[in-house]
Amino acid sequence: MLGFVLRRLLISILVLLAASVLAFAMVASLGDPLASLRAKNPPPSAEYFRERRAALNLDKPVIERYWLWLKGFSHGDMGRTLDGKSVSGELGAAFWVTMRMSIAATLMAIFLALLVGVYSAVRQYSVGDYAATFTSFVFLSMPVFWLALLLKRWAIGFVNHPSVFGWHPWHSTILYTTGQQSPTLPHSLFARMGDYAGHLILPSISLALITYASWSRYQRAEMLEVLDSDYVRLARAKGVKPRRVLVRHALRNALIPFTTVVAIDVGAVVAGAVITEYVFGWHGMGFEIVTAVRNYDTDLLLAWLMITGVFVIGFNLLADILYGVLDPRSHVT
Amino acid sequence: MTELDRGPSLPDESPIIVQEMAAIESSATEASEGPEREFTVAARSQFRIVLRRFLHHKLAVVSLVILILLFFMSLFGGAMWKYRPTDETNDLSAPPSLSHPMGTDSSGHDYYALVLAGAQKSVEIALIVAVVTGVVGTAIGAIAGYYGGFTDSVLMRITDLFLVVPELVIFALLANKFASAGWEFLALSLAGVLWVYAARVIRGVFISLREKDYVEAARALGASNRRIIFRHLLPNATGPIIVNITVITATAVLLETSLSYLGLGVRYPDTSLGSLISIYQEASTTRPWLFYFPGVLIVLICLTVNFVGDGLRDAFDPGSRRVRA
Amino acid sequence: MSAVTLDDAGQEPSPPDLPPPLLEVTDLTVDFSSDDGAVHAVRGVSYRVRPGEVLAVVGESGSGKSVTSLAVMGLLPRTAKVTGSVKFKGIELLGMKVNELNKLRGNRLAMIFQDPMTSLNPVYKIGWQLAEAVRTHHPDVSKRDALSRAVDLLALVGIPNPSERVSSYPHEFSGGMRQRAVIAIAMANDPDVIIADEPTTALDVTVQAQILETLQKARDETDAAMVLITHDLGVVAGAADQVLVMYAGKSVERGSVDDIFYRPRMPYTLGLLGSLPRLDTEDAMLTPIKGAPPSLINLPPGCPFSPRCPLVSDVCLVDEPALVASTSPDHVAACHHMDQLEGDTTPADVFDAGDAGVDVAAVLEAEAAEAAAEAAASAPPSEDGHA
């Protein structure tokens, strides 16, 4: 197991390096950090331009710039944003903000996908199956920004300010629709957690609903195949109770490829999180990347890509380890 | 995205050979040349069988009809409609009515015309992406899967990289840089990234197909690689290929509308369903028609594409155990 | 040909000195619905198995032999329509609630499947799967005791180093060892009936003999009756007491193993025997049965074997023959022309000759007449003058 992890770590580092090269090439060729300055009217002096160019190392050849950046990055220096703020500081905070939402959404999506997938497989061709399948299809055909906006509107209209035949029982922000936390946080830890949670519910539900859909389709197909297998039939022939057959024999086996599915999709979850944050006005990685792209903030962009890359690769490594634990045939343990 | 990466279930025997018995009457056509003339049967019979199975799925058929209607309306409806998207009428912010089926916006533009224009962009982009990813993805995936070696490793490394970098960011960067290039560029850049997913799935399909016994049999009869790919593998891979293309198409629509929503996709003067939603997102309570119609249309397009794809998957898979209740 | 009066259950009455049957299948039919129509996989099969007996069920793929056993164990999908009666020790199994059926399955009734590579759950250790079999029906047994019973069972089926092997995963076992483990699972609770569905088909010939030996050992240990499904007549010859031949979803001949091998009365049985490669006959060529089994969806009327039968006549195409006693009350066959198979007819007589365009029926009649004449000539005159 240890050998496997070490091997994978080594490969991951190589992949990250390759990704960094690709990212740097892309950013360097596509972005012009001084574009906003150029667009200003009247334009700043040539002197100022030269100063900024030197500060951003734009006067050096690409490869040297890459090397300089890499050196700094590996020492934890992620550079500065165009506004002069510390990139590591900005992204550090943003990362955990996005993490809360992504982790909550992913957990919810896994739970929903397993529930719906197993139910659909066991009750194949029933009304429940058709309804669940149709619902999943609707959600996976829906753009995440539209669903997020819908939930926002409904939360405001039906939960926060409900109206029953003209009577308004309450006006209260139960489900927050903007930001990841209130501007002034309460002091007690409990209340603070409640504040986080209140802000977390809508965005993570939006993201979870979009994500669970394709996973549940996959899980249904996988369960159907497993339920038809010889070993499940043997378990039944042994007289094992149906629920135990379903969970201990069928689901246990169907979970193995499920980890791969979730791992592959983590990039899509990140993309979805970016959009969801935008809709709900969160100041997380989504906000940072949109800012970075708009302003061609190279340091911010590169750091963002690297952090996301580390996250995705780390997540995949975790998934592979989990796969090795779940499947004794995989020669990992 | 996941539907793209898992390997679809494949028939264990060449459906062509299995259905040879049923289609004996049509075996005379292309069986005259080639070393394995004994085993080749006209693909026409496979088409008929798939068609018949597809028609059994009412939902898929209905979706196909709706989809064709949507395509038709999107591509030609704008020209046939009485209003252009830029026409300003006197009805400001009017709810849906007989003269304006989808109402109007604050400047009196007929919303149905605007939505049609947006749908047209989405459909056009989706079609370009479908064709390019289909052709390029299949070609490269087939070569990588069948021959392995250099093409294969390169492909796999590229896909690994793409997994690490969320493609949304790539598109955002590209879109920002080439903002003035127009929607065609967006379509091509979407295709330029999404073909990788198609290629990966096709590669998987070809890898499992090339191990099948009938390939070995064909080789033993002296068939060349080219012949094996075109006569045996490609027809058997048609199912997964087509299904994969539908999934990518739906994904392309969602990506394009998301990018447009963020302001990074289709730009003015072109309309996109995503940008319409972006403009009118605050109007969901006061003028709901401005918010709901574009969204519903996006869902409708993707939904029908996905249902058709699902129906096709069932139609191509001989192992489907559809039981009449 | 003599008719036999059936009892109320539709079976031939048991002779009073034999023990009552453990498993009694009467008129079992199984239908599946498919895109092209109803598939009549099993069309009225009856048999009974007594304690200590081995019944071999023989037939080609698609004859319905596996489906029959799955129906007995209640392992068919919900979409299957099953009618008829399956009685275990007098208890009706068809239509039984799953909870009740589970008390019998893996306990009094056990099943062994065909493909050992896929029969075992790949994610659990062998010992765990054996222990599960024990603890499902004896929940008061501790995990440790169940595991030690697992070790004993593995030793019984001939797996070396059982105390170590009990912690192995199925993929660490060879095919033959996996099948032994499956047999061990079947034996775990001392069943009364073991149903083995083609237990050797997926294995190498060298391993086949070992598995059959292991099955025999299992029977010795548990005193169980066995239903052995196979298409291999060689296996039947060595292991079976009674044989049931199935074709196109129906039983076409049933009798003792000697009856079937030496006195077959249904052309299909004869054909099966002729397809067996043998070292002790003079015929250099095998006599295969031409053609393929019929589709079970739209079966034409009459005997389903007619398209391939050299003895076919007009009545065969119209009237599906019923099972009627032939050489003895316990040996039944379904053929309108079973009398033509009396005497020492070999498969080569019936099948090869048919291909050459010879009127087989005439040849056989002539042969039978000759045999009868000979018998009459050499037999001493009896008191009442019967021949």
Side-chain angles (χ1 to χ4, degrees), chain A residues 1 114 118-130 219-220 222-260 320-333, chain C residues 69-70 72-79 97-126 128-139 167-172 178 181-182 185-186 188-189 191 194-195 197 202:
Chain A
M1 168 69 100
L114 289 177
V118 170
Y119 175 79
S120 275
V122 171
R123 299 250 174 272
Q124 197 189 13
Y125 300 136
S126 70
V127 173
D129 177 26
Y130 283 126
Q219 188 60 7
R220 175 184 183 274
E222 207 42 52
M223 277 300 284
L224 282 176
E225 211 176 287
V226 165
L227 284 172
D228 216 25
S229 66
D230 275 352
Y231 56 83
V232 164
R233 209 167 44 162
L234 189 80
R236 290 206 184 106
K238 271 160 57 169
V240 177
K241 290 197 173 54
R243 175 159 300 166
R244 191 182 154 96
V245 172
L246 187 67
V247 176
R248 292 289 233 140
H249 288 267
L251 185 58
R252 174 69 176 75
N253 270 278
L255 273 178
I256 298 173
F258 188 69
T259 54
T260 317
D320 278 348
I321 294 178
L322 188 62
Y323 187 101
V325 165
L326 285 176
D327 188 355
R329 295 167 288 188
S330 56
H331 307 296
V332 160
T333 40
Chain C
S69 323
L70 288 174
V72 167
M73 292 286 283
L75 289 172
L76 289 172
R78 259 176 303 176
T79 53
K97 285 216 178 327
V98 176
N99 295 339
E100 291 296 312
L101 195 58
N102 273 337
K103 292 187 191 155
L104 293 172
R105 291 201 287 217
N107 194 9
R108 308 261 59 79
L109 283 162
M111 189 150 177
I112 296 167
F113 292 110
Q114 178 175 334
D115 189 356
M117 306 305 274
T118 54
S119 291
L120 292 166
N121 194 324
V123 302
Y124 293 121
K125 297 181 186 166
I126 298 275
W128 186 96
Q129 303 191 43
L130 273 164
E132 185 186 39
V134 174
R135 297 185 79 219
T136 304
H137 297 283
H138 305 283
S167 316
S168 306
Y169 286 99
H171 66 273
E172 296 168 328
R178 285 191 225 197
V182 172
I185 290 178
N189 294 310
I194 298 179
I195 301 178
D197 188 354

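Order of the sequence lines fixes the chain letters, A, B, ..., with proteins taken first and strands second; residue numbering starts at 1 for each chain. Quick caveat, the model's predicted, so the values are computed rather than measured.
- Nearest heavy atoms, A/Val122 versus C/Arg78: O-NH2, 3.1 Å.
- Residues passing the side-chain contact (heavy atoms from CB on, under 4.5 Å) test with A/Arg233 are A/Asp230, C/Leu70, C/Leu75, C/Phe113, sequence neighbours excluded.
- With a threshold of 4.5 angstrom between heavy atoms, C/Val123 approaches chain A through its backbone and through its side chain.
- Within the 4.5 angstrom heavy-atom criterion, atoms from both the backbone and the side chain of C/Gln129 approach chain A.
- Separation of atoms OH (C/Tyr169) and CG (A/Asp327) is listed at 10.0 Å; rounding is to 0.5 Å.
- Neither the backbone nor the side chain of C/Asn189 comes within contact range of chain A; no heavy atoms are under 4.5 Å apart.
- Rounded to the nearest 0.5 Å, atoms CZ (A/Arg329) and CD (C/Glu172) are 12.0 Å apart.
- The minimum heavy-atom distance linking A/Ala237 with C/Met111 is given by the pair CB-CB, 4.4 Å.
- Nearest heavy-atom pair across C/Pro122 and A/Pro328 is O-CG, 3.4 Å.
- At a 4.5 Å heavy-atom cutoff, the contact between A/Ile256 and chain C is made by side-chain atoms alone.
- With sequence neighbours excluded, the residues satisfying side-chain contact (heavy atoms from CB on, under 4.5 Å) with A/Arg244 are A/Val240, A/Arg248, C/Trp128, C/Glu132.
- One finds the CG atom of C/Asn102 at 9.5 Å from the CZ atom of A/Arg236 (value rounded to the nearest 0.5 Å).
- Within the 4.5 angstrom heavy-atom criterion, atoms from both the backbone and the side chain of C/Ala133 approach chain A.
- Closest approach of A/Leu234 and C/Ser119 over heavy atoms only: CD2-O, 3.4 Å.
- Contact check for C/Pro77 versus A/Asp228: no side-chain heavy atoms found under the 4.5 Å cut-off.
- For C/Arg135, no part lies near chain A; criterion is any non-hydrogen pair under 4.5 Å.
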